[in-house]
Amino acid sequence: MRAWELPAARVVEELTDLGDRARVWRVRSGDRDYVAKLTFDAPRFVEPGLRIAATLDRAGIVTGAPVPTRAGGLCRRVGWWRGGWTLAVLEHVAGHPLDWSAPEAPEVCGDLLGQVHHILTSTDEPVEPAGRLLDFYAEEATRVGGQHGDALAEAVAAVRAFDRRVGLTQGVLYGDPAPEVLRVAGGDALALIDWGTPSWGPVLHDVVSWQLFAQRHRPTDPTAGPRLLAAYRARMPVADAELAGLELVVVLHRAIQAAWEPTRAGDDAR
């Protein structure tokens, strides 16, 4: 922590249980709170997400942006395990998780995602993610193998074929299927935090991911997905021809879930 300008910094609480990707703490320095995040990965995989969060924050989207070190860096290497872990300090966002069952949730979330994608596709700042989404899942299909791997490979191939025929809008993706949307304390502003898994790919991936997340929290509301999409398109225009590929992306998401669930179950058993 000495790399940052945080006098008398002290840990106030741990914000997450020990997970397989990171540990996170709330840190206080003076009268301000920050977040210290230790990611079990090398800086070259972590820095792109930090840069993307910083770009969005400058554009007016609250992201829990990285706090630069004294030297101007966004993170520090910690140890040398498997290429090193990474420590970053982030702005603490005071607020509470969005209630996805609230009547206006589909609209406000679609509007937020549309703003995010529009900013990231129009910015002149360098925001290249660490990886490409469809390349990653193609590699996962080979690693998983068997019926689940074959289904994932077919889903990736179908999206790529549709892209060649129609042309899908590509951009920086949030990537995480469980979006960390917060209502900022003291107002109605929204924050989108935890930029640990951004990648490059078709923007419909994020749209479908958020639609499915909304539908899981609103199982009796068949309008949630369409309403989210309508609000998204008001901020980030997507051609009607592209929307014909929505079901292909849904199939991709289902194949991803099916391919990963057996692995997770095996890991838990061990």
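Model, not experiment: these values are computed from the prediction.
Without hydrogens or angle criteria, Arg183 side chain to Asp99 main chain gives no donor-acceptor distance under 3.5 Å. At least one donor-acceptor pair under 3.5 Å links the side chain of Trp4 to the backbone N or O of Val67. Side-chain N or O atoms of Thr86 include none that pairs as donor or acceptor with a backbone N or O of Val46 at under 3.5 Å. Of the possible polar contacts, one joining the Thr63 side chain to the Ala53 backbone as a donor-acceptor pair under 3.5 Å is found. Judged purely by atom type and a 3.5 angstrom limit, His217 uses its side chain to pair as donor or acceptor with the backbone of Phe213. Looking only at distances, a side-chain donor or acceptor of Thr69 sits under 3.5 Å from a matching main-chain atom of Ala71. For Glu242 (side chain) and Thr169 (main-chain N/O), a donor-acceptor pair under 3.5 Å exists by modelled atom type. Between the Glu91 side chain and the Gly64 main chain, no donor and acceptor come within less than 3.5 Å of each other. Using modelled atom types, no side-chain atom of Thr123 and backbone atom of Leu120 make a donor-acceptor pair closer than 3.5 Å. Counting only distance, with no hydrogens or angles, the side chain of Arg218 and the backbone of Ser101 share a donor-acceptor pair below 3.5 Å.
Within the 4.5 Å cutoff, the side chain of Glu47 has heavy atoms near those of the Arg51 side chain. Between Asp57 and Ile61, every side-chain heavy-atom pair lies at or beyond the 4.5 Å cut-off. Under the 4.5 Å side-chain criterion, counting only non-hydrogen atoms from C-beta, Leu182 is in contact with Ile193. Using a 4.5 Å heavy-atom threshold, the side chains of Arg77 and Pro43 count as touching. You'll find the side chain of Arg132 stays beyond 4.5 Å of the side chain of Phe136, heavy atoms only. Annotation: side chain of Leu15 is in contact with side chain of Glu13 (closest heavy-atom distance under 4.5 Å). Looking only at side-chain heavy atoms (C-beta outward), Glu140 and Trp260 come within less than 4.5 Å of each other. With contacts defined as side-chain heavy-atom distances shorter than 4.5 Å, the pair Val12/Trp25 does not qualify.
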Legend entry - Trace of the side chain to side chain contact (heavy atoms under 4.5 Å, CB included) decision for Val27 with Val35: CA-CA 6 Å; Val27 174; Val35 172; over 6 Å; no
Legend entry - side chain to side chain contact (heavy atoms under 4.5 Å, CB included) between Phe40 and Arg23, intermediate numbers included: CA-CA 8 Å; Phe40 306 148; Arg23 291 182 74 171; 4.0 Å; yes
Inset, instruction - Begin with the C-alpha distance, continue with both residues' side-chain angles, and end with the deciding distance and a verdict on side chain to side chain donor-acceptor pair (under 3.5 Å) for Thr39 and Asp41. - result: CA-CA 5 Å; Thr39 303; Asp41 215 338; over 6 Å; no
Legend entry - Trace of the side chain to side chain contact (heavy atoms under 4.5 Å, CB included) decision for Trp210 with Val181: CA-CA 11 Å; Trp210 286 41; Val181 182; 4.0 Å; yes
Inset, instruction - Take Val78 and Leu38 through the test side chain to side chain contact (heavy atoms under 4.5 Å, CB included) and record every step on the way to the result. - result: CA-CA 8 Å; Val78 179; Leu38 179 66; 4.2 Å; yes
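Both Val238 and Leu248 belong to a single network of hydrophobic side chains, linked directly or stepwise wherever heavy atoms of I, L, V, M, F, W or Y lie under 4.5 Å apart. Under a hydrophobic-cluster definition in which Ile, Leu, Val, Met, Phe, Trp and Tyr are linked whenever side-chain heavy atoms come within less than 4.5 Å, directly or via other members, Leu6 and Val93 are assigned to different clusters. Note on Val24 and Leu74: same hydrophobic cluster, where clusters join Ile, Leu, Val, Met, Phe, Trp and Tyr whose side-chain heavy atoms are under 4.5 Å apart, directly or indirectly. There is no path of hydrophobic side-chain contacts, each under 4.5 Å, that joins Leu173 to Val251. A continuous path of ILVMFWY side-chain contacts below 4.5 Å connects Leu190 to Met236, so both sit in one hydrophobic cluster.
Of the inter-residue distances, the one linking Leu229 atom CG with Leu246 atom CG reads 6.0 Å to the nearest 0.5 angstrom. Taken from CG in Leu112 to CD in Gln115, the straight-line distance is 6.5 Å, to the nearest 0.5 Å. Summarising the geometry, atom CD belonging to Gln215 is positioned 9.5 Å from atom OG1 belonging to Thr223; distances are rounded to the nearest 0.5 Å. Going from atom SG of Cys109 over to atom CD of Gln211 covers 11.5 Å, rounded to the nearest 0.5 Å. For the atom pair Glu107 CD and Arg227 CZ, the distance stands at 4.0 Å (nearest 0.5 Å). Here the CD atom belonging to Glu5 is positioned 9.5 Å from the OG atom belonging to Ser29, to the nearest 0.5 angstrom.
Glu104 CD: more than 12 foreign heavy atoms inside a 6.0 Å radius. Remark: Arg2 CZ is loosely packed, at most 12 non-hydrogen atoms of other residues, nucleotides or ligands lying under 6.0 Å away. The number of heavy atoms from other shown groups lying within 6.0 Å of NE2 (His253) is above 12. More than 12 heavy-atom neighbours from other residues, nucleotides or ligands sit within 6.0 angstrom of CZ on Arg26.
By the 4.0 Å N-to-carboxylate-O rule, Asp111 lies too far from Arg233 to be salt-bridged with it.
Across every non-hydrogen atom of Ala130 and Pro48, the tightest pair is N-CB, 3.7 Å. Residue Pro179 comes nearest to Pro177 through the heavy atom pair CD-O, 3.4 Å, listed as atom of the first residue, atom of the second, then distance. The two residues Val127 and Val172 have their closest heavy-atom pair at O-CG2, 3.6 Å. Of all non-hydrogen atoms in Gly149 and Ala141, the two that sit nearest each other are O-CB, 3.3 Å. What you find for Ala65 and Ala54 is that their closest heavy atoms are CB-CA, 4.3 Å. Contact between Ala214 and Leu228 at its shortest, heavy atoms only, is CB-CD1, 4.3 Å.
Test Ile52, Asp176, Leu50 against Trp195 for side chain to side chain contact (heavy atoms under 4.5 Å, CB included) and you get one pass: Ile52.
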In residues 151-167, what donor-acceptor pairs under 3.5 Å come from side-chain atoms, sequence neighbours left out?
{"unit_1": "Arg160", "atom_1": "NH2", "unit_2": "Asp135", "atom_2": "OD1", "d": "2.5"}
{"unit_1": "Asp163", "atom_1": "OD1", "unit_2": "Leu168", "atom_2": "N", "d": "2.7"}
{"unit_1": "Asp163", "atom_1": "OD2", "unit_2": "Gln170", "atom_2": "NE2", "d": "3.3"}

Output side-chain donor-acceptor pairs under 3.5 Å for residues 200-209, partner residues at least two apart or in another chain, one line each.
{"unit_1": "Asp206", "atom_1": "OD1", "unit_2": "Gly175", "atom_2": "N", "d": "3.2"}
{"unit_1": "Asp206", "atom_1": "OD2", "unit_2": "His117", "atom_2": "NE2", "d": "2.9"}
{"unit_1": "Asp206", "atom_1": "OD2", "unit_2": "Tyr174", "atom_2": "N", "d": "2.6"}

